[in-house]
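One structure is given here, and the rest of the page talks about it.
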Amino acid sequence: MNVLVILPILIPLTTLLLALLVRRHHAWVTVISMTGSAILLLAGIYLVALAAEGTVLSAQMGGWAAPYGISLVIDRLSAVMVAISGVIGFATLVYCFRQPMPADFLRDTHLFIQGLLVGICGAFVTADIFNLYVWFEVLLIGSFALIALGGGERRLSGAMTYLVLNMLATLLFLLAAGLVYGATGTLNMGELALLFRADEASAGAWLGVILMLVSFSIKAALFPLFGWLPASYHVAWTPVSALFAGLLTKVGVYALIRLVTLLWPEPGVVHSVLLWVACATMIIGVLGAAAQTEVRRILSFHIVSQVGYMVLGLALATPLALAGAVFYLIHHIVVKANLFFVGGIAARLSGSERLAAMGGLYARTPLLAILFAIPALSLAGIPPLSGFWAKFVLVKASLDAGIWVAAFFALFTGIFTLLSMSKIWNETFLKAHPDPERIGATGNGPRSAWFTVAGLAAITVMIGLGAGPVMDYAIAASTQLIEAPAYLQLLNRGGE
Amino acid sequence: MLISLLGIFINGLCAPFVWRLAHRHAGLLLAVVPAASFIWFALQVPEISRGGALFESLAWVPALNITLGLRLDGLALLFALLITGIGTLIVMYSGAYLRDHRQLGRFYAYLLIFMTAMLGLVLADDLIAMFVFWEATSIASYLLISFNHEKAESRRAALQALLITGGGGLALLAGLVLLGIATDTWQFSQLQSEMVQGHALFPAIMVLVLIGCFTKSAQFPFHLWLPNAMNAPTPVSAYLHSATMVKAGIYLLARLNPTLGGGTGWSTVLITLGALTALLGAVLAIRQYDLKRMLAYTTVTVLGQLTMLIGTNTSYGLQAFVLYLVAHSFYKGALFMAVGAIDHATGTRDIRRLSGLFTLMPLTGIAVGLAAFSNAGLPPFFGFIAKEFKYAGLIEMGSIGWTVTVVMILTNALLVAAAGLIFLKTFLGSPGKLSHSPHEVSPLMWIGPLLLAVGGFGLGAGNQWPEIWLVNTAVQAIASEEVDVGLYLWGGITPAVIASALTLGLGTVFYFKADAVRALANRLGSIWTFSGDLLWDKLLKRLFRFAGAVAALFQHGSLRLHMALMTLVVSICVLFGMLMMKTTPFDGHALSEVSLPGVIGCLLALGGAAGAAFMAGRLALVASLGASGLGLALFFVSINAPDVALTQLMVETLTVVFLAMVLRRMPVVPASGGSGAGANIWHAAVAVVFGLAVTLLIMTAVSQPLPGDLADWFLVNSLPSGYGSNVVNVILVDFRAVDTLGEILVVAIAALAASTLLGVGQPPTAKPRGLPEFSSLMLRQGMRPLAAILFLVSLAILWRGHNLPGGGFIGGLVAATGFTLLIVTFGRGIQRGLARIAPPTIIGLGLACAVGAGLFGLAAELSFMTGLWVAPFGVKLGTPLLFDLGVFLTVFGSVMHMLRNLIGRAV
Amino acid sequence: MEWIGAITAGIMAALGVWMMLDRHLMRVVLGIAVLGNAINLGVLTAGRFAGSEAAFTFAGQQVLDSANPLPQALVLTAIVIGFALFVFALSVLKRTHELHGDKDTDRVSQVTERPAPDQDEEEPYPPAEDRKP
């Protein structure tokens, strides 16, 4: 039990330090890194299996009782997030395998991806606010390292923008953590939950938490704080972009969900604000995407729009809506990373990332066309893929709650997403390439990249067709989020 | 039913492979499964016609009550037979039509997938399952329309169809969800009109469902995608855009008629829009010269009429609906396929150039003839019965019915003329001038049209048979009440017969005066300057321009603007929150006393910060920043935080060193505020508001006494449980060790990342020398002992940190400082002189110590990072000390790593 | 004293933001450091400045009027993390300076808005001879 709770952090951390010790032997680094990722993936699946039957893992670090020591809690949401991170991490490493880049570049990528995974998994399992800040910092520096890797004018410029704006977010989080401690005397999420649910939080505590939520909103790229995302995601190396797109903003969304459901299980003023923010985010994101002319830029704006959906589920606050948010999280991470990966392969085949300079891939590689169509249709919400169920639940939850506006925005955004995806499809696959000689001039790329894409597409199809069990899990997770028994009882646990 | 769905689907997936293997015969091979399904459905006819129904169901998402439920009743059976039957013929036909196309395999696949989706749509009993199939048909249609994907025209048409039907689909989804909420069930078979009609949501449901159906079935004003869909290959037009997919909306209207229908709103909308669409389609049809587009517009007409017929909700009207449905599928499918054959054989579809084909293509000609007669509604064809009943149904409605009947007579007359043009003009008369001499097409291409056309004749002539087996149950399924079904060819001189006669007469006139009619229609058309299609292009363009404007708001590429916006939003949120809560941060409870050193520290910190903010020059920047840090350190001392002060001091020192190294090679930094007065004021405002927010936040937080007992608990338990007197250190390495673990990880990754960046572009052959400023001999002599002392001191700091000010961090930083001195004096080569361990290895060792310290606890079946202590020879050793060592090594290694690369470049 | 801390933190935060909005990229990076310092100060202040002794407990002694050790530990962590991130930012800055030659904040960030380079035009990763082991 104790081991299991710390595994999500320990596995990538151990992988990192082992790889660090043998870093001169690039092949060893690759082996260690991929093995570590695979183990993380398996551990994640095991955690999900445990959580699905209702077990909530919880441990006190150092054996010190809460709220003096740091608590870790793995409930359904945490478990599935860890599992998905394992999947995407592993998929990214598979994609990077045998890419035609310099060996030490690949080695560095492996190291930093492991570091990033430590931060991501840590954020998902912690139940302590300052500990969350530390893991956010780990994932931040990991992402800084990855986005700047490879250098070059454009990439470093994007890295600088990303760095400055995210530093602001993280400093705000630090301040908020300090303020919350100052106003409540605790850093433990369970104790905070008890405080807020009993309506005993002081004004200082409220303000501190609000600042924290704003900081998470920056991380999650909500309107109007999302400007950093389309300004930086598209300049990194493709697999790094995919990893970021899949996981980074979702950590922010997770933090929002966790904090809001813990502190305010009933709809309140925070939820109303989040509702409008979510609607604005959905629309502005998808409009921004419609105006872009490069594959990754389009997809970056879509990340913003889709985060709006997840926060919509959070803002509606009914169990069904929260389940929708959880389902959307799971579905979107897989689909978004997949789209970035496919975009990468398509760009390599076409010789460019700009839509105007791409084309002719439908005739040349029908396989890639199918592998693009699956996540693209899923993103647009076409049944029977995973995206449809996610959107369906959110629309139903909005209509159940009588908030027509939200349902309208959700559907309206859906049609625009479809428009965007078909634009990419048209330009990249259907239309003829302006310079047909260039197709495939730089080779098809490593085989492993195709495995990644195919694997992720298969997962999307499976979630779509097998939506039953996933939906059951999501609904159970949402109930667990609202009731939060494990968190509320943290204070009653003694040390071990 | 599930088996047939699955079978056709798998058939579709295998299609590309079958085609690659069997080429010429792939059409026949692939048609086997649909044919088998057709036969199976036909075998169910006796059972269903007796009033029974078949149910199959598969649980899909039990949590939401959604199943993959299938129901076979009269209406569904009718459609299923049409879909599988015509589908089989189309598959065979496609084989011949697209014989030499490279991507024929994919075509088969899409066609069969479409067939699955359409079949699923009509069989579905669950609202959401039906929607799944609904959207699947849209996607399949998109793939098929864009089949000739190299042409921009095809792509545009496909996108238009997708967006219109997709958008309607989303409206439909909302409507279906509302319907599900109102009736608390997702099953069609359990819907009852009482549940819905009185419900508050009823108008919304009706409107949304209607939008969905109208977009799918190309009713006005959504009709514009259907003619453009003719860009698809002819088999697609024959199958999807006449016989099946466009009927999906009609199907849903019929299916929901018992539940939603019967009210005046429903009927009015359906009749009005249906009739309007019909007339519009007919007028536009006459204007066309392209056979295919003519057929497309006549399809629009018929769809309008079908919609209208459901709206009538009369006995004759509903019978007419079913009849017309079947008749149209038969003759339209035949006509489209035949037109494809003509196109294939002659190379053109322009009626101005075609004539006298009968002698050359007799079989196709017979098919077209029979189909055209059915189209025109001549007895004894099925089309005639349909038309008769339609008029009867309208007349049954009373005064409104008469008006609509007149409109319909006009419409149908135009249809007669169109039918005439298609058959008489094209096939009779003397052969016209054609590019190459045409010949009859292959059997696969005439068997389809012929079968369907003959079917249209046969059903009409022997009309008892369809009445009993098919029409009866279908009509019952869509009617709200029991309907008496009886088909007949001749029922005496009824108003309907007179109407039919009028139609024929008028139609003949129109045919002979075709050019005049066309000219009239064109004149009307010129009034109609805003064609839907052009509007569509304009709409899309406007949309993209708007999107561009929105994107430009956030894509300005200006980091400062992003930063300013973000800071402003944060400040506003916080200040707004404060206003909402009406807090006053000015609570006069006991705060700590003001101490002079603290104030001096603050002033120094502020002064340094201000200097860094405003002064120009590199030295000024570095010095100000250093001063600011010193001021802070002084402040920390004044508030009794020695460890923090030491850390701040060491960090400040190293910061200054790093800064100096980096700034050495950079040009002078100008004074701040050089961006113009407006920008300056704006930035100053943003900064001031933010500072204000921060201050108020902190003051609000401290306005009440500190709750909780964390501080006291740490103070009390540090020595007994943590075996350390330095409470801060015990917190760092024992109580909250996992925080520190993450922190050293940050330092490690930062070092590795910074080194990767800095390590680029270094000439490896350059001799790593120290900085020239440090080359004085005395300095070099003295530096080694000095560094050695610093190293020893750092170790001492590490050791004693658990009980006295110090600890891993400070120790590591001190050691790093010592190393700094060495490296600036002697250059990178010093590394080889000292230990041969590379800094990243030191970092790795440090992390290993830290993680290892935590693992001891796990090994002892306790929690991670549990402190375990032993006391060999009276010296207390424990895992927290090992952890502290790990911190020391990591910090030392990291700074060393960063410095090496920095110094390497600076020289 | 808390108010003095709060006011100082506020003014320093304002100065930090002012610096981060500067035209010269170097000042932006330094602004991060200044803002970080301000926030650290803020966190310490929020923990109150109670106590007249440093947080040390010795055997056999009563726990006297000690300062609050928890915010001190938190700030210590934050200082070190801030330092690490600052050095990284400096290295990005240095590399940017070497590549661009330009340090105008907006001109540097504009570069990301340029259209994507074609695959064979992309700036090649530094050739092998230039890299360190």
Side-chain angles (χ1 to χ4, degrees), chain B residues 557-560 563-564 567 591-592 594 602 606 609 612-613 632 639-642 644 647-648 651 658 662 666 669 672 674-675 683 687-688 690-691 694-695 698-699 701-702 706 710-711 714-715 718-719 725-728 731-732 739 743 746-747 750 753-754 757-762 809 898, chain C residues 1-2 4 6-15 17-24 26-27 30 34 37 42 45-46 48-51 53-58 63 66-70 72-73 75-77 79-81 83-84 87-88 90-91 94-95 97 105-106 109-110 113 126 130 132:
Chain B
S558 162
L559 175 56
R560 300 159 86 195
M563 180 76 199
T567 318
L591 295 172
S592 62
V594 176
C602 281
L606 281 179
L632 272 182
I639 57 156
N640 305 303
V644 184
T647 313
Q648 176 74 32
V651 161
F658 275 103
V662 168
M666 287 186 145
V669 179
S672 86
S675 19
H683 290 155
V688 165
F690 184 72
V694 168
T695 307
I698 303 175
M699 291 216 256
V702 303
L706 182 66
L710 250 60
F714 286 133
L715 288 168
S718 162
L719 196 51
S725 300
N726 183 351
V727 185
V728 174
I731 295 180
L732 283 176
D739 276 349
E743 174 195 348
V746 172
V747 176
L757 270 176
L758 293 170
V760 168
Q762 279 191 14
F809 280 119
M898 291 193 275
Chain C
M1 195 59 172
E2 276 87 346
I4 306 251
I7 294 175
T8 313
I11 300 180
M12 227 203 281
L15 287 171
V17 169
W18 167 264
M19 287 172 79
M20 283 173 88
L21 289 172
D22 197 78
R23 202 161 156 216
H24 196 280
M26 169 54 77
R27 219 177 235 113
L30 290 183
V34 170
N37 280 340
T45 314
R48 319 289 198 285
F49 299 140
E53 302 278 330
F56 288 85
T57 58
F58 294 99
V63 171
S66 296
N68 188 342
L70 183 60
Q72 292 185 18
V75 169
L76 216 151
T77 310
I79 291 177
V80 179
I81 290 181
F83 171 63
V87 175
F88 179 78
L90 271 186
S91 57
K94 181 152 183 80
R95 194 81 191 104
H97 166 65
T105 312
D106 280 343
S109 59
Q110 270 295 341
E113 297 308 320
D130 270 356
K132 59 172 279 295

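Per chain, numbering begins at 1; letters A, B, ... match sequence-line order. All figures in this text were calculated on a predicted structure; none of them were measured in a lab.
- When S558(B), A564(B), A750(B), A701(B) are compared by the number of non-hydrogen pairs under 4.5 Å with chain C, S558(B) comes out ahead.
- Looking at M19(C), only its side chain comes within 4.5 Å of chain B, counting heavy atoms on both sides.
- Distance check: L632(B) CG to M12(C) CE gives 4.0 Å after rounding to the nearest 0.5 Å.
- Scanning for side chain to side chain contact (heavy atoms under 4.5 Å, CB included) contacts around N726(B) gives D643(B), V728(B), N729(B), F56(C), with sequence neighbours left out.
- Ranked by heavy-atom pairs under 4.5 Å with chain B, the list T105(C), N68(C), V87(C) is led by V87(C).
- Put simply, CE on M563(B) and CG on D22(C) are 12.0 Å apart, with the number rounded to the nearest 0.5 Å.
- The minimum heavy-atom distance between A46(C) and V702(B), with the atom names listed, is CA-CG1, 3.9 Å.
- Residue with the most contacts toward chain B among T45(C), N37(C), V34(C): N37(C) (heavy-atom pairs, distance under 4.5 Å).
- When heavy atoms are compared at a cutoff of 4.5 Å, M26(C) approaches chain B solely by way of its side chain, counted from C-beta outward.
- Distance OG/S91(C) to CG/L757(B): 5.0 Å, rounded to 0.5 Å.
- T695(B) approaches G10(C) most closely through the heavy-atom pair OG1-CA, 3.1 Å.
- With a threshold of 4.5 angstrom between heavy atoms, F658(B) approaches chain C through its backbone and through its side chain.
- Per-residue counts of heavy-atom pairs under 4.5 Å with chain B were compared for A14(C), G51(C), A50(C); the largest is that of A14(C).
- Of all heavy-atom pairs spanning G42(C) and I698(B), the tightest one is CA-CD1, 3.6 Å.
- The two residues E743(B) and L76(C) have their closest heavy-atom pair at OE2-O, 4.1 Å.
- Interface remark: of the candidates L70(C), T77(C), L15(C), T77(C) forms the most heavy-atom pairs closer than 4.5 Å to chain B.
- If you tally non-hydrogen atom pairs under 4.5 Å between each of A84(C), A55(C), A67(C), A9(C) and chain B, the highest count goes to A55(C).
- At a 4.5 Å heavy-atom cutoff, the contact between I731(B) and chain C is made by side-chain atoms alone.
- Among A687(B), A711(B), G691(B), G557(B), the residue making the largest number of heavy-atom pairs under 4.5 Å with chain C is G557(B).
- Counting heavy-atom pairs under 4.5 Å between each of I7(C), I79(C), I4(C) and chain B puts I79(C) at the top.
- Under the ring-ring contact (aromatic ring centres under 6.0 Å, His included) criterion, F690(B) pairs with no residue at all, not counting sequence neighbours.
- Looking only at heavy-atom pairs under 4.5 Å with chain C, the residue among L710(B), T567(B), I639(B) that has the most is I639(B).
- L719(B) approaches F58(C) most closely through the heavy-atom pair CD2-C, 3.6 Å.
- For the pair A613(B) and W18(C), the tightest heavy-atom approach, listed with the atom from each and the gap, is O-NE1, 3.8 Å.
- Using a distance-only test at 3.5 Å, with no hydrogens or angles considered, a donor-acceptor pair links the side chain of Q72(C) to the main chain of N640(B).
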